[in-house]
Amino acid sequence: MLQQGQRISRPAPAVQAVRRRWELVTPKTDPDALAQALDVPPIVGRLLANRGVGEGGIDHWLNPSLRHLPDPRALTDMDRAVARVLQALDGEERIVIHGDYDVDGCTSTALLVRFLGGLGADVHWYAPHRIRDGYGIQVATMERLAEEGACLVITCDNGTSAHAAIGRGNELGVDTVVVDHHRLPETLPDAAAILNPKRDGAGNPFEMMAAVGVAFMLAIAVRAALRDRGAFAVRPEPDLREHLEVVALGTVADLAPLNGVNRTLVAAGLRLLQHRRHPGLNALLEVAGVDADEPVRAYHLGFQLGPRINAAGRLDEASLAVRLLLETDRHAAKAMAEELHAINKRRQELERDVFDDSLEQVAEHIDLSKPGGLVLWSADWHPGVIGIVASRVMRHFHRPALLLAVRDGKATGSGRAISGIDLFDSLNRLSHLFVRFGGHRAAAGVTLLEENLPALREAFADGAFADLPEEKWEPVLRLDAEIDVQDVNWGLHEVLTRLAPFGLGNIEPSFLARGLRATGVKQLAGGRGVRMLLRGADGPSVAAIGWGLNLADDVLDGPIDVAFSLSVNHWRGRVSLEMRLKDVRPAS
């Protein structure tokens, strides 16, 4: 164990991460008035005010309930989608669910297969391969499905831009219902129905749903239509709550904001996940090392289950993930989960290699003295991991990042953007360089000729972001409130639990504590992490842990200020409270 004052040695990255400016959040409403009106502690009023929650929405926020869900029939084309599904059920037509290779695509596929199968439908599914098929339903796939007897194809997490495949399906007598949430093209394909919340304009209650949420809305609407017909007079009515666990997983893993409808769905799914009844998800929790007595949180969905589901589509067959989500036998599910766990470990190794290589490329080729985007590429990178590494590079440098894998004269890759940048619009300005591109404000996918890579690097580092205000290039760590370290206790944890689930749109509360002393400092995982005890002027010490902090050698020798969130550590049956450090600096 390291003693106070000892140096923390670690391999230095090729380029250090950008340091963030700390900023206390300015409340959107009056926190004191809110706390008094609700008769809650001031910190609760502050946290709610920071998130823009007023008195009128407090019940929905603190007590999310399925009764708060909007009527799914308000979605454009829902009536057409329901009518076409009922036609397929009545005619015993062959239905094929065509998904995608990420978590949202896999969960929405599994949901509709289970739901329609429970209604007695002749339902089948297809999970595309990232490299062989590419994104979305292809013409060749539609032709094969038609040859196999499909009459109705339901696309999940894709299809909004699939003009060619859907048109070919129409020629072959195959109708398509699109279940998607991606950005709309200038013209929509000629589908039987297109369920995409983006069609209903800004501010509609479904606007920020993931595809799995849209699929759940379709299931609600179909069940309601069958109920109106009297279909459940002689058979049990399906309980749609059994799908909420996968709805929660797909929503969190796809980074849909956890407010409004999404918050309601995820909260309900998490309540069910505590019972560990879903064979596939329970097996994934086991292989991820989540203790059986540990409450399942949105964190586990986003950082434990999601990556293991995604790993199948990144490196192997996404069909393995779908089969796990559909599996009812616990022993079979455990075997599949262990296979996904092994694939995920390989994915982590590949990501580390690509990230390290990216840092070296930046050090060698990129001028970081001026703002701009990063374009990095290699023929050695696995195309299945560059999207997630692009996110890491973006966060590391606080710059838009495009990473591309080069194969046979073409470069295919993924981009991620910092806050304040519309990546899709930025790439649209450079559309002459691409074979194709698509995406949305925060993320995008591109394909271009290898010969155009230098021109893209130059343009992406300069002209693509010429109009971005200078302050957007400075990363900011936003903190909810300043508190005394002696107030870090189980009472505070209980308060924070009422505000969960946390994720995009409802970020886990972060705090500032000043003038602390660190003792018992211990290096973890070869220098990638550090554990310590923190103590203020009075009161007991509190355990703290931090990862990837890049601490200066002597920063812990004197008093420090820390930015942190609160977490619960479950280890071998023991439960303890700890500060999860986000940043550390000498005391101001």
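Model, not experiment: these values are computed from the prediction.
One distance of note links CG of L305 with CG of L273; it measures 7.5 Å at 0.5 Å rounding.
Here the shortest heavy-atom pairing between D77 and A193 reads OD2-CA, 3.5 Å.
Taking the ring-ring contact (aromatic ring centres under 6.0 Å, His included) definition, one finds that F232 meets it with nothing, sequence neighbours left out. Contacts of D71 classified as salt bridge (charged side-chain N to carboxylate O under 4.0 Å, His left out), with partners at least two apart in sequence or in another chain: R73. For D79, the salt bridge (charged side-chain N to carboxylate O under 4.0 Å, His left out) test picks out no residue, with sequence neighbours left out. Scanning for ring-ring contact (aromatic ring centres under 6.0 Å, His included) contacts around H68 gives H60, with sequence neighbours left out. Partners of H182 by ring-ring contact (aromatic ring centres under 6.0 Å, His included), not counting sequence neighbours, listed by chain and number: Y135. Applying the salt bridge (charged side-chain N to carboxylate O under 4.0 Å, His left out) criterion to E92, with sequence neighbours excluded, gives no partner residue. Residues forming a ring-ring contact (aromatic ring centres under 6.0 Å, His included) with F502 (at least two apart in sequence, or on another chain): none.
Here the rule is side chain to side chain contact (heavy atoms under 4.5 Å, CB included) with V575, and of V568, D291, N569 only V568 fits it.
Around atom NE2 of H275, more than 12 heavy atoms belonging to other residues, nucleotides or ligands sit under 6.0 Å away. In the displayed structure, R241 atom CZ is contacted under 6.0 Å by at most 12 heavy atoms of other residues, nucleotides or ligands. With a 6.0 Å radius and a threshold of 12 heavy atoms from other residues, nucleotides or ligands, R227 has its CZ atom above the threshold.
Within the structure, the salt bridge (Lys or Arg N to Asp or Glu O under 4.0 Å) test picks out the following pairs touching residues 211-224 (sequence neighbours left out): R223-E237. Counting only residues at least two apart or in different chains, salt bridge (Lys or Arg N to Asp or Glu O under 4.0 Å) contacts with residues 105-120 comprise R114-E242. Residue pairs that meet the salt bridge (Lys or Arg N to Asp or Glu O under 4.0 Å) test with at least one member in residues 327-344, sequence neighbours left out, are E286-K334, K334-E338.
No side-chain heavy atom of E207 sits less than 4.5 Å from a side-chain heavy atom of D200.
No side-chain donor-acceptor contact under 3.5 Å links S108 and D157.
With hydrogens and angles ignored, the 3.5 Å screen pairs a side-chain donor or acceptor of R80 with a backbone N or O of A192. With D104 contributing its side chain and V212 its backbone, the two residues share a donor-acceptor pair below 3.5 Å.
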List the atom pairs, donor and acceptor, that lie under 3.5 Å between side-chain atoms in residues 116-124 and the rest of the protein, sequence neighbours left out.
| residue | atom | partner | partner atom | Å |
| --- | --- | --- | --- | --- |
| D122 | OD1 | H124 | NE2 | 2.8 |
| H124 | NE2 | R94 | NH1 | 3.3 |

Could you pull out all donor-acceptor pairs under 3.5 Å where a side-chain atom in residues 243-262 meets a protein atom, sequence neighbours excluded?
| residue | atom | partner | partner atom | Å |
| --- | --- | --- | --- | --- |
| T251 | OG1 | V247 | O | 2.7 |
| D254 | OD2 | H181 | NE2 | 3.3 |
| N262 | ND2 | M208 | O | 3.0 |
| N262 | ND2 | P257 | O | 3.0 |

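In this structure, F355 and H396 have perpendicular ring planes: the angle between them is above 60°, well past the 30° mark.
We find that D316 and R346 are not joined by a salt bridge, their nearest charged nitrogen and carboxylate oxygen being 4.0 Å or further apart. Look at E317 and R323 and you find no salt bridge, because none of the NZ, NE, NH1 or NH2 atoms lies under 4.0 Å from a carboxylate O.
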